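Below is one structure; the comments refer to it alone.
Keep in mind that what you see is a predicted model, and the values were worked out from it rather than measured. Heavy-atom basis, side chains included; hydrogens, waters and symmetry copies ignored.
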Amino acid sequence: MSEEKKSLNFLEQIIEEDLATGLAKNKLRFRFPPEPNGYLHIGHAASICLNFGLGETYNAPVNLRFDDTNPAKEEQEYVDAIKKDIQWLGFKWDKELYSSDYFQQLYDWAILLINKEKAYVDNQSSAQIAEQKGTPTESGSNSPFRNQTIEENLALFEKMKNGDFEEGSHVLRAKIDMKSTNMLMRDPIIYRVLKESHHRTGNDWNIYPMYDWAHGESDYIEQISHSICTLEFKHHRELYDWFLDQIYDPKNLRPKQREFARRNLSYTVMSKRKLLQLVEENMVSGWDDPRMPTISGLRRRGYTAKSIRNFSETAGISKRDNVVDIALLEFHIKNELNKTAPRVMAVLNPVKVIITNYPERKEEILIAENNPEDENAGSREVSFSREIYIEKEDFREQANKKFFRLKLDKEVRLKNAYIIKANSVVKDNNGEITEIHCTYDEDSKSGSGSEASKRKVKGTIHWVSIKHAIQAEVRLYDRLFTDEAPDSHKDKDFKEFINPDSLKIIKKAFIEPSLKSSKIGDTMQFQRIGYFNVDTDSTSENLVFNRTVPLRDSWAKKEQKNHN
RNA sequence: UGACCCAUGGUGUAACGGUAGCACUCCGGUUUUUGGUAUCGUCAGUCAAGGUUCGAAUCCUUGUGGGUCAACCA
């Protein structure tokens with residue numbers, strides 16, 4: 001068995017090195033640490049696929065740890081949504097844990113820090129503390145409370161915990177170095193007073209630990225071997241290590257923080273704050289609006305877990321800022337759906353065709369292949385009759401040779417049916433075409449094997465029988481923003497780039513009757529149009545289809561070029 | 001005018017001192033009862049300047065460009 005050597009990303013290389021220099025393989029343990037204050041998005045998928053992927057490659061456990069140290073922003077709703085998304089992506093965590101599980105331990109260690117004279121209670125306003133903090137280019141100055149006695153600090157901290165102080169009046173700070181070039185080392189805050197009810201601990205606590213204090217120590221408690229986070233935490237590593245130094249027992253494994261570049265996607269935004277804004281200002285219908293880059297949005301849009309995982313794999317991991325082309329994501333879903341999605345016919349923008357030489361009352365059942373890419377997909381029956389709908393854009397009275405579709409006096413094949421020829425049109429007072437009169441070649445029935453059926457006709461178009469078609473709502477989604485990097489413009493708000501055409505609703509599309517029993521989540525290809533799925537709003541009375549992604553359309557591209 | 005990180009085709013990512021490769025995008029050909037798919041092909045890259053070396057995308061120096069850091073957010 002020769003296995004192709006796959007190149008390792010830099011994090012895998014670090015792990016391999018650690019393994020080579022003595023770390024036991026069974027000590028490997030990872031974690032995915034979301035804050036439950038928003039929904040997971042495609043950027044998080046990078047981290048999820050990375051951490052859980054490492055878990056899979058090394059057969060190591062991965063904890064799901066909610067970083068719930070800020071009760072002011074966090075909610076159970078988000079916890080539930082996050083769990084659902086990770087499971088949907090197909091990953092299994094070892095333990096479901098919460099930073100709040102460790103509040104007591106964290107508190108005890110804070111006391112330890114005070115006793116070691118490594119922490120003190122500061123009784124200044126946040127403005128004063130900020131003032132003394134200095135700037136990246138100027139060092140800070142010491143707090144007047146820095147040299148309080150251990151006893152004073154212990155007493156004050158006790159009072160903070162008991163709720164004797166107001167929010168904002170007192171904080172516990174680590175005593176490190178106000179002159180450090182790393183702002184985070186300038187006596188960072190460890191605990192603040194917050195009289196908020198916590199989604200798990202209720203009103204047990206009046207003080208809550210800050211991220212830096214909670215995160216590294218939680219990694220230590222869980223014995224996480226590699227704590228992987230995004231690049232903006234690089235500066236935190238020094239503090240992460242300092243905190244660990246205070247409590248580390250060499251008998252235990254010492255977690256290691258490493259950072260990679262967060263994943264950005266073109267034509268969208270990827271910050272929870274901005275996504276929340278879109279939701280709260282009703283620019284989208286919710287966190288799961290099919291235009292959102294959230295996992296739930298992509299799921300509703302029709303993306304599969306596999307396509308997202310493949311995307312993550314292909315996009316890769318590195319340490320440089322990046323904006324991955326959304327075309328890569330679209331490639332992966334099209335690539336998968338091409339193999340799996342049943343083909344059906346739907347007419348979105350109909351014009352009536354009357355086949356004048358087809359008997360008035362006649363109906364027939366034709367056989368249509370479900371998926372040319374999948375032999376096992378079988379076939380279905382499609383009803384045909386004298387009056388059908390085709391797409392308006394599939395007909396032109398006159399057109400040059402490049403136009404392969406229906407035009408006067410020329411032939412075109414109706415997919416799975418007959419070859420027809422257009423003879424005349426009927427127009428209304430505005431000059432709009434209301435009917436196209438055609439004749440069909442009776443011997444040209446698809447699959448009949450006749451000479452006529454094998455005739456080379458350049459164009460094939462889709463259609464639905466008017467008498468048999470059912471009406472449905474179709475939602476055509478496009479990118480949410482018109483700009484490649486909407487939040488990269490210093491003097492412009494990202495919302496200025498919202499695409500006004502990101503959603504077009506077609507209330508009365510006509511679809512083939514086989515779709516009548518479609519269930520929410522079903523995926524299909526509307527032939528020659530794109531991939532669609534059944535939206536969560538869909539009911540048996542009003543079927544609703546979302547366009548996941550259009551098919552590649554080289555004709556439209558050509559047309560576009562000619563117009564420019 | 002500080003510290004730290006980063007720099008490879010349009011985009012993303014490999015090459016770990018020894019022929020710059022892969023994927024997406026773009027463009028073109030062939031096939032096709034989806035102007036889809038498939039398939040073949042074209043265009044296109046090591047930020048710059050020095051240095052080390054038989055040999056540098058890779059190591060060193062300097063410069064340039066980009067990013068991060070001054071929440072009681074994570």
Would you mind pulling out the nucleotide paired to [N], Watson-Crick or G-U wobble, both distances under 3.5 Å?
| N | answer |
| --- | --- |
| A38(B) | U30(B) |
| U64(B) | A7(B) |
| C59(B) | G51(B) |
| C69(B) | G2(B) |

Between Lys161(A) and Asn206(A), does any side-chain donor sit less than 3.5 Å from a side-chain acceptor?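 No, Asn206(A) and Lys161(A) have no side-chain donor paired with an acceptor closer than 3.5 Å.
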
Going by atom types only, do Asp68(A) and His199(A) share a side-chain donor-acceptor pair under 3.5 Å?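 A donor-acceptor contact under 3.5 Å links the two side chains.
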
[X] near the nucleic acid: base, sugar-phosphate alone, or nothing, with a heavy-atom cut-off under 4.0 Å?
| X | result |
| --- | --- |
| Asn416(A) | base |
| Phe233(A) | base |
| Arg405(A) | base |
| Gly459(A) | nothing |

Between [M] and [N] - [atom1] atom distance, rounded Å:
| N | M | atom1 | answer |
| --- | --- | --- | --- |
| G9(B) | C43(B) | C1' | 10 Å |
| A57(B) | G18(B) | P | 10 Å |
| U61(B) | C4(B) | P | 12 Å |
| A23(B) | G35(B) | C1' | 25 Å |
| C47(B) | A56(B) | C1' | 16 Å |
| A7(B) | A48(B) | C1' | 12 Å |

What does the list of N/O pairs under 3.5 Å between the protein and nucleotides 36-42 of chain B look like, with a distance for each?
unit_1, atom_1, unit_2, atom_2, d
G36(B), OP1, Ser554(A), OG, 2.8
G36(B), N2, Glu373(A), OE2, 3.1
U37(B), OP2, Arg552(A), NH1, 3.1
U37(B), O2', Asn338(A), ND2, 2.9
U37(B), O2', Glu373(A), OE1, 3.3
U37(B), O2', Glu373(A), OE2, 3.3

Separation of atom CD1 in Ile326(A) from atom C1' in C24(B), rounded to whole Å: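 Going from Ile326(A) (CD1) to C24(B) (C1'), I get 13 Å.
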
Can the ring centroids of Phe157(A) and Tyr107(A) be said to lie less than 6.0 angstrom from one another?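 Yes, the ring of Phe157(A) comes within the 6.0 Å limit of the ring of Tyr107(A), centre to centre.
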
Would the Tyr240(A) and His236(A) ring centres measure less than 6.0 Å apart?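 That pair fails the under 6.0 Å test.
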
Of the nucleotides A70(B), A74(B), C5(B), which has the atom closest to the His236(A) side chain?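 Out of A70(B), A74(B), C5(B), the nucleotide with an atom closest to His236(A)'s side chain is A74(B).
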
Let's see if you can work this out: which of A74(B), U33(B), A70(B) has an atom nearest to the side-chain heavy atoms of Lys456(A)?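 Minimum distance to the Lys456(A) side chain belongs to U33(B).
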
Mind checking what makes ring pair (Phe, Tyr, Trp, His ring centres under 6.0 Å) contact with Phe243(A), not counting sequence neighbours?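 Only Trp213(A) meet the ring pair (Phe, Tyr, Trp, His ring centres under 6.0 Å) criterion with Phe243(A).
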
With sequence neighbours excluded, residues passing ring pair (Phe, Tyr, Trp, His ring centres under 6.0 Å) with Phe384(A):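 Per chain and number, Phe384(A) pairs via ring pair (Phe, Tyr, Trp, His ring centres under 6.0 Å) with Tyr358(A), Tyr418(A), Trp463(A).
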
Can you name the residues that form a side-chain hydrogen bond (donor to acceptor under 3.5 Å, both in side chains) with Arg146(A), not counting sequence neighbours?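 Result, side-chain hydrogen bond (donor to acceptor under 3.5 Å, both in side chains) vs Arg146(A): Asp187(A).
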
Whether Lys557(A) contacts C26(B) is assessed here as follows: a side-chain N or O lying under 4.0 Å from the phosphate OP1 or OP2. Is that the case?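 For C26(B), OP1/OP2 do have a side-chain N/O of Lys557(A) under 4.0 Å.
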
When rounded to the nearest 0.5 angstrom, what distance separates CD1 in Ile14(A) from CD in Glu12(A)?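 Between atom CD1 of Ile14(A) and atom CD of Glu12(A) there are 10.5 Å.
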
Please write out each protein N/O paired with an N/O of nucleotides 12-15 of chain B under 3.5 Å, distance rounded to 0.1 Å.
unit_1, atom_1, unit_2, atom_2, d
G12(B), OP1, Val323(A), N, 3.1
G12(B), O2', Ala315(A), O, 2.5
U13(B), OP1, Ser318(A), OG, 2.5
U13(B), OP2, Arg320(A), NE, 3.2
A14(B), OP1, Ile317(A), O, 3.4

Any protein N or O atoms within reach of nucleotides 71-73 of chain B? Criterion: under 3.5 Å, listing atom names and distances.
unit_1, atom_1, unit_2, atom_2, d
C72(B), N3, Gly168(A), O, 3.4
C72(B), N4, Gln124(A), O, 3.0
C72(B), N4, Ser126(A), N, 3.3
C72(B), N4, Gly168(A), O, 2.6
C73(B), OP2, Arg192(A), NE, 3.1
C73(B), OP2, Arg192(A), NH2, 2.8
C73(B), O3', Arg192(A), NH2, 3.3
C73(B), O2', Asn70(A), ND2, 3.1

Does any N or O in the side chain of Asp374(A) come within less than 3.5 Å of the main-chain N or O of Asn371(A), such that one atom is a donor and the other an acceptor?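 No; judged by distance alone, with no hydrogens or angles, the pair does not exist.
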
